[in-house]
Protein chains: 12
Amino acid sequence: MYVVKSPLADEDLKTVSEALQGALVDLVDLSLVAKQIHWNIVGPRFRSVHLQLDEVVDSARTHMDTVAERASALGVPPDGRAGTVASGSGIKTSPAGWIKDADAVGTMVDALGSVITRMRERVKATGEPDPVSQDIFIGITADLEKHHWMFQAENA
Amino acid sequence: MYVVKSPLADEDLKTVSEALQGALVDLVDLSLVAKQIHWNIVGPRFRSVHLQLDEVVDSARTHMDTVAERASALGVPPDGRAGTVASGSGIKTSPAGWIKDADAVGTMVDALGSVITRMRERVKATGEPDPVSQDIFIGITADLEKHHWMFQAENA
Amino acid sequence: MYVVKSPLADEDLKTVSEALQGALVDLVDLSLVAKQIHWNIVGPRFRSVHLQLDEVVDSARTHMDTVAERASALGVPPDGRAGTVASGSGIKTSPAGWIKDADAVGTMVDALGSVITRMRERVKATGEPDPVSQDIFIGITADLEKHHWMFQAENA
Amino acid sequence: MYVVKSPLADEDLKTVSEALQGALVDLVDLSLVAKQIHWNIVGPRFRSVHLQLDEVVDSARTHMDTVAERASALGVPPDGRAGTVASGSGIKTSPAGWIKDADAVGTMVDALGSVITRMRERVKATGEPDPVSQDIFIGITADLEKHHWMFQAENA
Amino acid sequence: MYVVKSPLADEDLKTVSEALQGALVDLVDLSLVAKQIHWNIVGPRFRSVHLQLDEVVDSARTHMDTVAERASALGVPPDGRAGTVASGSGIKTSPAGWIKDADAVGTMVDALGSVITRMRERVKATGEPDPVSQDIFIGITADLEKHHWMFQAENA
Amino acid sequence: MYVVKSPLADEDLKTVSEALQGALVDLVDLSLVAKQIHWNIVGPRFRSVHLQLDEVVDSARTHMDTVAERASALGVPPDGRAGTVASGSGIKTSPAGWIKDADAVGTMVDALGSVITRMRERVKATGEPDPVSQDIFIGITADLEKHHWMFQAENA
Amino acid sequence: MYVVKSPLADEDLKTVSEALQGALVDLVDLSLVAKQIHWNIVGPRFRSVHLQLDEVVDSARTHMDTVAERASALGVPPDGRAGTVASGSGIKTSPAGWIKDADAVGTMVDALGSVITRMRERVKATGEPDPVSQDIFIGITADLEKHHWMFQAENA
Amino acid sequence: MYVVKSPLADEDLKTVSEALQGALVDLVDLSLVAKQIHWNIVGPRFRSVHLQLDEVVDSARTHMDTVAERASALGVPPDGRAGTVASGSGIKTSPAGWIKDADAVGTMVDALGSVITRMRERVKATGEPDPVSQDIFIGITADLEKHHWMFQAENA
Amino acid sequence: MYVVKSPLADEDLKTVSEALQGALVDLVDLSLVAKQIHWNIVGPRFRSVHLQLDEVVDSARTHMDTVAERASALGVPPDGRAGTVASGSGIKTSPAGWIKDADAVGTMVDALGSVITRMRERVKATGEPDPVSQDIFIGITADLEKHHWMFQAENA
Amino acid sequence: MYVVKSPLADEDLKTVSEALQGALVDLVDLSLVAKQIHWNIVGPRFRSVHLQLDEVVDSARTHMDTVAERASALGVPPDGRAGTVASGSGIKTSPAGWIKDADAVGTMVDALGSVITRMRERVKATGEPDPVSQDIFIGITADLEKHHWMFQAENA
Amino acid sequence: MYVVKSPLADEDLKTVSEALQGALVDLVDLSLVAKQIHWNIVGPRFRSVHLQLDEVVDSARTHMDTVAERASALGVPPDGRAGTVASGSGIKTSPAGWIKDADAVGTMVDALGSVITRMRERVKATGEPDPVSQDIFIGITADLEKHHWMFQAENA
Amino acid sequence: MYVVKSPLADEDLKTVSEALQGALVDLVDLSLVAKQIHWNIVGPRFRSVHLQLDEVVDSARTHMDTVAERASALGVPPDGRAGTVASGSGIKTSPAGWIKDADAVGTMVDALGSVITRMRERVKATGEPDPVSQDIFIGITADLEKHHWMFQAENA
């Protein structure tokens, strides 16, 4: 079904839409992982990290909406379903059960690190074919790297 | 790891925690399915349903937080990870690609219907062992049935 | 015209929908009676009761919307038209013309008393067939009994 | 019971108070009819018209309060009780049960048309005896004619 | 000093500017009298009338600004100084010292009555020469008559 | 294409719709001229007038929406396109390039003066055929004359 | 002095009013104990727990108002005076002087635990005689158990 | 346990900390007494005084927090527990059961009078040793004397 | 009529009440003078000073309310009527008609200067008899001296 | 008249200022075209598209302000007058009279498409001479392409 | 250049202006030191202290504005430039690079302690010459001592 | 002390962190210089420029926080201490004492000009090594150039 006409040439569109779909999956998973730890964290830093995680969730939810709607605007239907996320996410660690606060912070450092590495590749890949999408990836990277710093600072 | 002391007896706790875990999975998936359609819907009713779906997303996100934190409060760690959701959700239809507005509405009628049926069973199961959790399920059911009516009314 | 599929069995639906329709009529009338007195009250307590009555109006309007939409959600079209209200309301006193403040308060004590009695019967009737609707009636009763106390306290 | 001294001469007061009482009845009924359709509408335009009707309800409630309190300010007790409204309203159509969206819009076009015609007569009748009340009727007419246009545009 | 060019002919301007200057003096004084009673009222209705008086003060302050700036807009400098108000106000009663609540209400009934009578004359006088200023006087009259009703209702 | 049924007779409609269309064109142009000066003004009063001009823009945009929707409500499609505005506006001066603050204020005095003169003619023309539209023109005139005074006061 | 007529039979009223009075005393004391620790806590977690305790205070104050006004609404005057609270509270530990953060958290775990146990008994006792009061106790229990979880998680 | 280093000399600290502890006890009790009457008042002035009492509660709660945290800032742990309040408060009257509105107001006049007398002594005692604490007592006194006036005016 | 019992001895009360009454008169007049200039100012700085004057009006209105209610709280009825203000104000200049911006600023420098001088005398006079009233005068002086600086800076 | 010193070299400035002036004209026209359709649209989707168009108007107005002020910041006076817009806009279709909803959506798809194509050229042209202006064009393009998608989805 | 006339005698002015200038320098530096630590803190308490430091920054920025504008109001130009702050601040410790949370808290205890000591001297010095400035120093001291307590409590 | 792992290679990190540290120093100084003039400006434009300068302060404070936290996120501790700012700022003019409004504006033109020139160099330098930081510099430049234009326009 043809729906939205893309302003990009086919070759460029392929590159950009793969970047957007990859980012969508990472960001949905980031929101779920952060919520998971938000609910299961224990230890003296419980309240502080519990609140901090909801800020990550808010960031991730905002960014996932932006990249999904960017894909739609380019004429490519985004896929953010649970199964797609479960199989395609760049986040490798996914803890179950109660988690101590220091481990919780460490898990977030790893999760954010994985997503950031992939997001920086998307910044590189999309600059030529679509500077508009690139600008979105740059903004997301800046935000995630700020979260990343804060979790690293906490476990220093 | 023992963390939170439950106010419920073991038998009751088992019943209630299964209900809460089941509800969590359904609600996380509901939020993802509604977002998926929010991004992929096309047709004359695009804008109206696009906005309506975000209200379902808001409801689902609020309710998933409530049930997950209720599980924690009863001493049972909740599991809302992508893999758990992908395999355990009560929602059976999960469309990919552009979706026409009437089909979008129909999908939501089905998805909400599945979740409501299971939620009503949870209301029944938990009244005896934990009226506090039951009250939460009752409130969620009322809200989901209101969304359910609206989507049905739209396809009438 | 079939529109919305009810989650209740036929027998249960009959009980619950009668309770909802009865509550709707009572609440619409309560909003009209309270406004009527809001406009016609005179006496030293004018301003205090005038403002208090608008809080009753707000409560009644919120609750009428809740019960009407609950009926729709159960697949039963609600009826809140003027004629239906005029003939079916449980409020028996309906003053015309200027009304002294003590009489105004007394009228509200009576009106709320009538509605509360019927609402408590609905709480009893619906617990079995639909705890979701019962929970709505419980919440409304709590709110009306609070208003009822305040008007009684004022005429003590 | 004599309460509020009117700034108008008796003859003028008679004309103006009839206009105000008539407007009150029309506006209370308009609020009830719009709510009735708000709850019972079905069809693809459900959500859009459902929301639009609540804007009519808000308008009607604001205007009914203005005209009732204007009557009180002129020394004439207003009557907005259900029975008075049921028998005296200028709105002739009053649908029961589910209503298709196009019919819902058509009903609102008719209802608003009836009220506007009578309201314009009140503008004419009150300019001489009380320009203050006339100004209120003019403002109400402007608002109702805007709603009227929108419903007509929707069924065009 | 010539400053602002009037859109009105000289004769019309004279009529309208006298009306505006008279209204300004009345409204400034109304704000001062209402504040005076706000501070000095005693008796069981203290709090209710104390709060109500501040609503009159707000109305009077808003209206005085409107009429003064209207005068400026027509090219006539307004005069709202204490001496001008003390000698030119249409309010005749001006109580000193503690005042019982019923007397406070009575004083406001009289004060508002005086201002309203003069304001209605301004509505009549300005319709022909400047319907824009007339519309302002009509709006002020509607508001003052509403306050007037409320105080009368309280002493009924 | 017939769409909205007018509440006015044909003759009256002709008069009123010409007034509304004329006002629409003037107000759109006023918003563009005020923005133009907002961007190009220089001189010591830059900031003060720069901010003041945005208040004129807000006024003009609000009023243009009111008159265009009033035309629609009367059954006459409004025309606010750039070409129509460029050829039909009552504003004669239209500066290009940087403009000194005193000249900017002078230009606004002239532009507002032209629009006000035409608006007052519309007040006169529409009182008989449609007092509802007249009331709108009266309100717009009051607002524009207030802006007019302020710019005149600044160049005094 | 007879004041408010109870909607409950005498026997039921006795059960329910005892539950409400007991809850009132517990909740007032909870608010005082939480404030006491809010002011006296020291240690690395000072700020986090200091803020968290004010959320408990807010909860306790809201709930105490609800149960006290519910007692009044049932016709039974509530008693929340300092002496009554000091002698009747279910909270046994009441620390004086500076308190280390871990001890502060432990004290709150104990205090909340005591209140929750008694509140669950009230849920059981009131379901039959007054489901409206029971619903209030259920809501309070849900909220307190959430606070309880958080303090337990912090000392895990 | 030594915690916070005081900026005051020992002698001064003793004087100031006694004043702060005394004020804390008075203010906690004032908040409880005002709430007690808020719940138990009856009579025609019910609503007005009921609302007014919550403003006293808000004041008392704000001030108790200020003085307790001031004590902590000076290195002295404050004591606001129920038992301490019950035995040490300067408020002597403490009514149980329903209370008529005039008596309610009289009780508040007495309670505020007692607290104000003691607070003025604290103003005198602390000016020399700690003008910072004195400034806090001055502000509290101003606020309490305003409440005191209002209740006196109501029973005049 | 005896109403409010003063916390001050007679001698002290005399000193303090004269200070409060004097301040009231000055502040009411300051609000009227500032409004007068707000309406009549012309010149290039029109808008800037026009807005600045409304901030003085807001300050003066807030402070007049504070001192009048302080007088009432001390048992002395305040007098803020137009005649009292016209004869007793410490502000000597009172311009009529249009006023150039530099003159407007100069007038405000003088008016504020007069009020500040008298307010500083009140600070001195009341420190001994009533530090609570003194604190109010200190706060008002700080605010007026800030306004004073700004107007001086503008004419530098 | 020389006013603002540009941070760009002459050659670069020429490129960038042409891009900004072109964007300004397109965006002003976009705001007018969207308003025109906002007022003239008819058909079942009236309300939905009517509201959606105002979001385009808001976007266009915000962006036009940004590009015009960017031009000023670079030392080049922007030109957004009606005549300049009428002759220079990149939007070719400009409908008069009532317009059916599907045609309205189609017109917006075309209008946005034209503006986007030109905006992407500006992104390319300005990256080298002024990355700051380029960043503004990128942001505008992202926003317009989102609107473009939505209108396309609606006509799919 | 003479600008603002001081209400103080020369001798008094010297004392007060030195106090204000000293306070200004301390407070600007406090804001910079708190920001410095806000950016460089690491360790488990990172987030909690990071947020707390921004509250110190807000306090310091508000207070520095107050004292600088107070100096201007007294006719003495304040000096808050970087060089003046770097050489004149009363804060002696000024850490560079990452700083562990406990050290961060300790640094703040020291920095606040230094500023408080000097601020208390200013309270003493200014009471006689200018109680208005003294009142400002008292308020700042109260606020800083509250921050001081909290940091001490955290390292206890 | 190693704390935060940088996502950049060493060479790139060196370039980017120098740019960030330089920007931090410039922006802190810009905030101090703007505040300094905010407090010391005199002349007819006092109020207008006084307010405008606080908008520069707000911008500078927001941007300094962004760049400092960006440095932390890249693993480099930022240095914003008074001494570092005093010695390293790119702003050369730093006035003491009262300053006439035209000179104030001229100083801001120079100060902003210096910062902008250096910021544009940072845009160029960081595009290759870190487009995320570059994007931050681009946004800051756009904002500063807008402020720059406004001050230039004011002295034109």
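Only a predicted model underlies this, so the values are computations on that prediction, with no experimental measurement involved. Numbered from 1 within each chain, the chains take letters A, B, ... in sequence-line order.
Put simply, the side chain of Gln152(L) gets close to the backbone of Lys5(J): a donor and an acceptor are under 3.5 Å apart.
Only the side chain of Asp135(L) comes within contact range of chain J, with heavy atoms under 4.5 Å apart.
Here the closest heavy-atom approach between residue Pro7(J) and residue Arg120(L) is recorded as CB-NE, 3.8 Å. Of all the heavy atoms in Trp149(L) and Ala73(J), the pair that sits closest is CB-CA, 3.4 Å.
When the side-chain hydrogen bond (donor to acceptor under 3.5 Å, both in side chains) test is applied to Asp143(J), the partners found at least two apart in sequence or on another chain are Ser59(J), His63(J).
In this structure, Leu74(J) CG and His148(L) NE2 are separated by 12.0 Å, a value rounded to the nearest 0.5 Å. Taken from CG in Leu8(J) to CD in Glu145(L), the straight-line distance is 7.0 Å, to the nearest 0.5 Å.
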